Enquirer: 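Please read through the structure below; I'll follow up with questions.
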Amino acid sequence: MTKNLATAYFLCHDFKQCLKILSEQGLLCEACKKVTFNVPSKLEAGTLVGRVNLKECLKSAEHISSSDPDFRILEDGSVYTTNIISLPSEEKTFTILLKDIQRHEEKKIHVNLIAHQKKAHKTRHARDTVLRRTKRRWAPIPSSMMENSLGPFPMQIQQVQSDTAQNYTIYYSATGPGIDRDPKNLFYVERETGNVFATGPVDREQYPEFKIIFFATTADGYSPEIPLPHTIRIEDDNDNAPCFTQDLFTFVVPEHCKPGTVVGQVTAEDRDELYTLHTALRYRIVSEEPPFPKMFSVHHESGVITTLTSQLDREIIGKHLLLIEVRDMAGQPFGLCNTGTVVINVGDVNDNAPYFGHSSYETKVLENRVNVEILRIPCLDKDEPNSPSWNCRFSIVKGNEDNHFAITTDGRTNEGILCVVKGLDYETTNLRILEIAASNEIPYVLVPYSSGLGQSTCTVRVNVLDDDEGPVFKPCLLPITIDGCAAIGTVVGKYLAEDPETGNSEGIRYRIAPGQSSWITIDENSGELRIAKLFGKDMTGRQCNITVLAVDQSGKTGTGTVLATIGACDRHYPIMTPTEFTMCRDRKPVYITAVTPNESPYSGPFRFDISDRSMGSGWQTVQQDGMQYYISILLSPRTDIPYGIYKIPVTVRDSNGRQGTSVVTVNYCDCTTPSDCGMIPRRSPTVTLGVWAILAMILGSLLLLLILITLCGCYGTGAVSKHVPDDLANQNLIISNTEAPGEEVMDPNIIPLQAATVNSCDQGVGMGTIGHEVKTGGQSFEMSKGGHQTLESVRGYGQSTMEQGRYSYSEWQNFMHSRLGEKVYMCRQNEENKHSEDYVLPYNYEGRGSLAGSVGCCSDHQEEEVLDFLDQLEPKFRTLAETCVKR
């Protein structure tokens, strides 16, 4: 792409000169006239055709347009092609339209494009043939020039040449740094030959390269070649010695560190070209102070300094100086070099334990002296002063179990300051021996050349001197609580002091310090505290500190303090009313209420708690809305419980913490409404048995009842044969698998025993001695001593029912009433007609039921011979057959 305008710009330095040059080259024509441009016959898109001075034609052109869409006009008057244009007729004309809308002015500029026909000012014959594309030599390789070259000058460094010189007379020019920009006139190009010359030496560190643009133009200003960017590179010369980045390097390395520990790194710079031998730097240690032994080394390429040994000891040598050389050319002798200084400080570690100047010290102090300094203990340490390795910390490791002493450190002198913080008592002990240890702020470091002890100790003997001291109250603060209802003169406490010398209170007189409260007086001799005035309700809860003075016979005084609190005039504790309740099967909670005649703060709200843990597992107190303190509360069972009477101890606390306990009696009854259960009967303690124990008792009772009925039947029919033949049994007992009734037996002496189905009760049964209550499944009955028990009195026990049979209940009652009652009465007496002790026995479940329980004194010993036939019974109800046979 042709850049004619650029050529004109590079040939001038101000606006007027540019106009002159552009006019000479045909790129700028007279405004508002016909403008002609000499161009090739074919123009590529985006080619600069020329430039028209629009301002001379119309100074304020707001609208610029072209009559030909193949051309585009810019605001500065530059004319560019928008498409590829060929000039077949070798001439093309279009118009540039300028408009000033505000002034309503309009100007036109006619542009005429003429294709080249022949070479102007041709010095040799041009070919008549059509131009062909050939290989050009317009782009030479980058040229170079040695830095600080000695000449001779001017010195040719390159030549530029265009192959269009075969068809045109070409003139060469250049612009850029070193030619028409700083540094000016360092290079120039010959106009006819294109030779590039340097006029003097160049410093590469200041100007490493020059980027120059060359132009090839014809005499009329046409540019057959595009501008040529060209770089002149300045070759480096090793003219700069390396320099360290710091005048003085300072590093710190801990003492006794391991060999190879990195101390630091020195760095140097070289202004010569990077990545060449001119900047290949090498380091070495020239000297070291002290010279022996050698402690450090430096890496020759990186400049990293490391330790050679672990014998660095700050206490011996605390600072080392190194002189380090840096040389370029990879350390070759002909390279340029420089030196730098390195200071290495040896850092302190806690390799020296603190120690005391003496192994023991002695001091003295008066008894009862407090917060006094009694001794300063110097501590020595070889580590660096005022460092954590030097600062000492003291502690009392023995002899200060009662915390009478304290020791601190004087940060300026590093001494231990021993003080008494609690008064010592000469009468208790007159000598205290302390063991004090010293250590540093940081842990001790064990190194090869240090001792193995990191802590030092010493002994301090403290002699306690006797001092005549005043009485001492014990305790120094005595809290007492005064009943708000107490009368004047009531003793509310006793506050005594004792003489530390004698350990007793003899000869000490007491009085209350002036200006104290008038509530309490103290007896001068006995130290008894008495009430001096009556308290009103408004004084409840008030407190007062009363200072009491104790004076011994020598006139020395001791003080103590009584903290008196006035309590409420309260003689009552909260109780509950009522305390007896009935709960039906719906287990609706009962509503209990606490009352107290006291006033606040010894009144409600109250807190309710079940004091018996065993009851607390089955019963619970429930707040109505979740609050903790109330006047009333709901009491209900937690889970299903048996019917019966429960006595629940409930503790009630008032708002001040005073509490009272009331027993709440709850009759848990199998009822619909509480009135169905009536009043709660008085009951004696009962014993509750398990299910297996109840079953064993029922089976034992049935067996006893069967034996009694058999005996009664035998008395009614006379003597019964001990052996019953099998054929007789077959005549009276029907062997059948049916459950239908058998033949009716009309003998009135036979016991009318009906078949009964006994269902075991699910609830617990409580049994006690005769005359006590027996609890059965939620209902109870009493057994009176000397009375007769009938079936009617035990109808409520369990779920026993009697099937409908051949005999009525009245007949059974008449028959059994006299006989069974007599037998029961006889069982309660022994042979001497004395009360039997084992009539009713408590039965407890022991893991298994009894196959045949004992009937105690109820057995009929006189009729053992009548029951011998029972030993020969066979399985199929032969007992019943032998009982019912007629004689």
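Hydrogens, waters and symmetry mates are skipped; everything else that's a heavy atom, side chains included, is used. Sequential numbering from 1 along the given sequence is applied to the chain's residues. The structure displayed is predicted, hence computed values, not measured ones.
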Enquirer: Has the side chain of S505 got a donor or acceptor atom that lies under 3.5 Å from a matching backbone atom of A497?
Expert: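 Looks like yes, one N/O pair under 3.5 Å.
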Enquirer: List the steps and the verdict of side-chain contact (heavy atoms from CB on, under 4.5 Å) for T561 and V548.
Expert: CA-CA 6 Å; T561 303; V548 180; over 6 Å; no
Enquirer: Kindly compute the distance separating OH (Y355) from OG (S456), expressed to the nearest 0.5 Å.
Expert: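 Nearest 0.5 Å value for the OH-OG distance: 10.0 Å.
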Enquirer: Scan residues 473-500 for pairs that pass ring pair (Phe, Tyr, Trp, His ring centres under 6.0 Å), counting only residues two or more places apart or in two chains.
Expert: F473-Y495
Enquirer: Between Q543 and T565, is there a side-chain donor-acceptor contact under 3.5 Å, judged purely by atom types and distance?
Expert: yes
Enquirer: Do the side chains of R530 and E528 get close enough for a salt bridge, i.e. N-O under 4.0 angstrom?
Expert: yes
Enquirer: Please check if the side chain of Y283 supplies one atom and the backbone of A268 the other of a donor-acceptor pair under 3.5 Å.
Expert: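 Such a contact is found between Y283 side chain and A268 backbone.
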Enquirer: Rounded to the nearest 0.5 Å, what separation is found between the CG atom of L529 and the CD1 atom of I512?
Expert: 7.0 Å
Enquirer: Can you list, pair by pair, the side-chain donor-acceptor contacts under 3.5 Å of residues 414-426, counting residues two or more places apart and other chains?
Expert:
unit_1: N414; atom_1: OD1; unit_2: C392; atom_2: N; d: 2.9
unit_1: N414; atom_1: ND2; unit_2: W390; atom_2: O; d: 2.9
unit_1: E415; atom_1: OE1; unit_2: R376; atom_2: NH1; d: 3.0
unit_1: E415; atom_1: OE1; unit_2: T413; atom_2: OG1; d: 3.2
unit_1: K422; atom_1: NZ; unit_2: D402; atom_2: O; d: 3.2
unit_1: D425; atom_1: OD1; unit_2: E427; atom_2: N; d: 3.1
unit_1: D425; atom_1: OD2; unit_2: T428; atom_2: OG1; d: 3.0

Enquirer: Is there a side-chain contact (heavy atoms from CB on, under 4.5 Å) between T457 and I436? Walk through the geometry before answering.
Expert: CA-CA 5 Å; T457 60; I436 297 178; over 6 Å; no
Enquirer: If the condition is side chain to side chain contact (heavy atoms under 4.5 Å, CB included), which residues does E288 pass it with, not counting sequence neighbours?
Expert: K294, M295, F296, H320, L322
Enquirer: Is there a donor-acceptor contact under 3.5 Å from the side chain of H299 to the main chain of E301?
Expert: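 Indeed, once roles are kept as given, a pair shorter than 3.5 Å links the two residues.
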Enquirer: Evaluate the side-chain contact (heavy atoms from CB on, under 4.5 Å) criterion for residues I508 and V551: first the C-alpha distance (whole Å), next the side-chain angles of each, then the deciding distance (0.1 Å), finally the verdict.
Expert: CA-CA 6 Å; I508 299 178; V551 184; over 6 Å; no
Enquirer: Could you go through the side-chain contact (heavy atoms from CB on, under 4.5 Å) check for L375 and V462 one step at a time?
Expert: CA-CA 9 Å; L375 182 64; V462 180; over 6 Å; no
Enquirer: Report the distance from atom CG of N391 to atom OG of S439, rounding to the nearest 0.5 Å.
Expert: 11.0 Å
Enquirer: Working to the nearest 0.5 angstrom, can you tell me the gap between N350 CG and N440 CG?
Expert: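 Interatomic distance, N350 CG to N440 CG, rounded to 0.5 Å: 4.0 Å.
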Enquirer: Would you mind listing every salt bridge (charged side-chain N to carboxylate O under 4.0 Å, His left out) that reaches into residues 507-523, with sequence neighbours excluded?
Expert: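 Matches after skipping sequence neighbours: R509-E524.
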Enquirer: Specify whether F249 and F244 have parallel, tilted or perpendicular ring planes, treating 30° as the upper limit for parallel and 60° as the lower limit for perpendicular.
Expert: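 Correct class here is perpendicular.
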Enquirer: Are side-chain heavy atoms of F356 and L380 found at a separation under 4.5 Å?
Expert: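 They are not in contact (no side-chain heavy atoms under 4.5 Å apart), so the answer is no.
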Enquirer: Going by the side-chain hydrogen bond (donor to acceptor under 3.5 Å, both in side chains) test, which pairs reach into residues 259-269, not counting sequence neighbours?
Expert: T245-T267
Enquirer: Got a sec: does the CZ of R412 have more than 12 other heavy atoms crowding it under 6.0 Å?
Expert: no
Enquirer: Could you tell me whether R284 and E325 make a salt bridge, using a distance below 4.0 angstrom between a side-chain N and a carboxylate O?
Expert: yes
Enquirer: Whether the side chain of D313 engages the backbone of E315 through a donor-acceptor N/O pair (distance < 3.5 Å, no angle test) should be reported.
Expert: yes
Enquirer: CG of D466 to CG of N430: how many Å apart, nearest 0.5 Å?
Expert: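 With rounding to 0.5 Å, CG (D466) is 9.0 Å from CG (N430).
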Enquirer: With sequence neighbours left out, write down each residue that passes side-chain hydrogen bond (donor to acceptor under 3.5 Å, both in side chains) with T306, or none if nothing qualifies.
Expert: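 T306 satisfies side-chain hydrogen bond (donor to acceptor under 3.5 Å, both in side chains) with S297 only.
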Enquirer: For the NZ atom of K319 and the CD1 atom of I344, what is their distance to the nearest 0.5 Å?
Expert: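 Answer rounded to 0.5 Å: 12.0 Å.
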Enquirer: Ignoring hydrogens and angles, tell me if any N or O in the side chain of S395 forms a donor-acceptor pair with the backbone of V397 under 3.5 Å.
Expert: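 Between the backbone of V397 and the side chain of S395 there is no qualifying donor-acceptor contact (under 3.5 Å).
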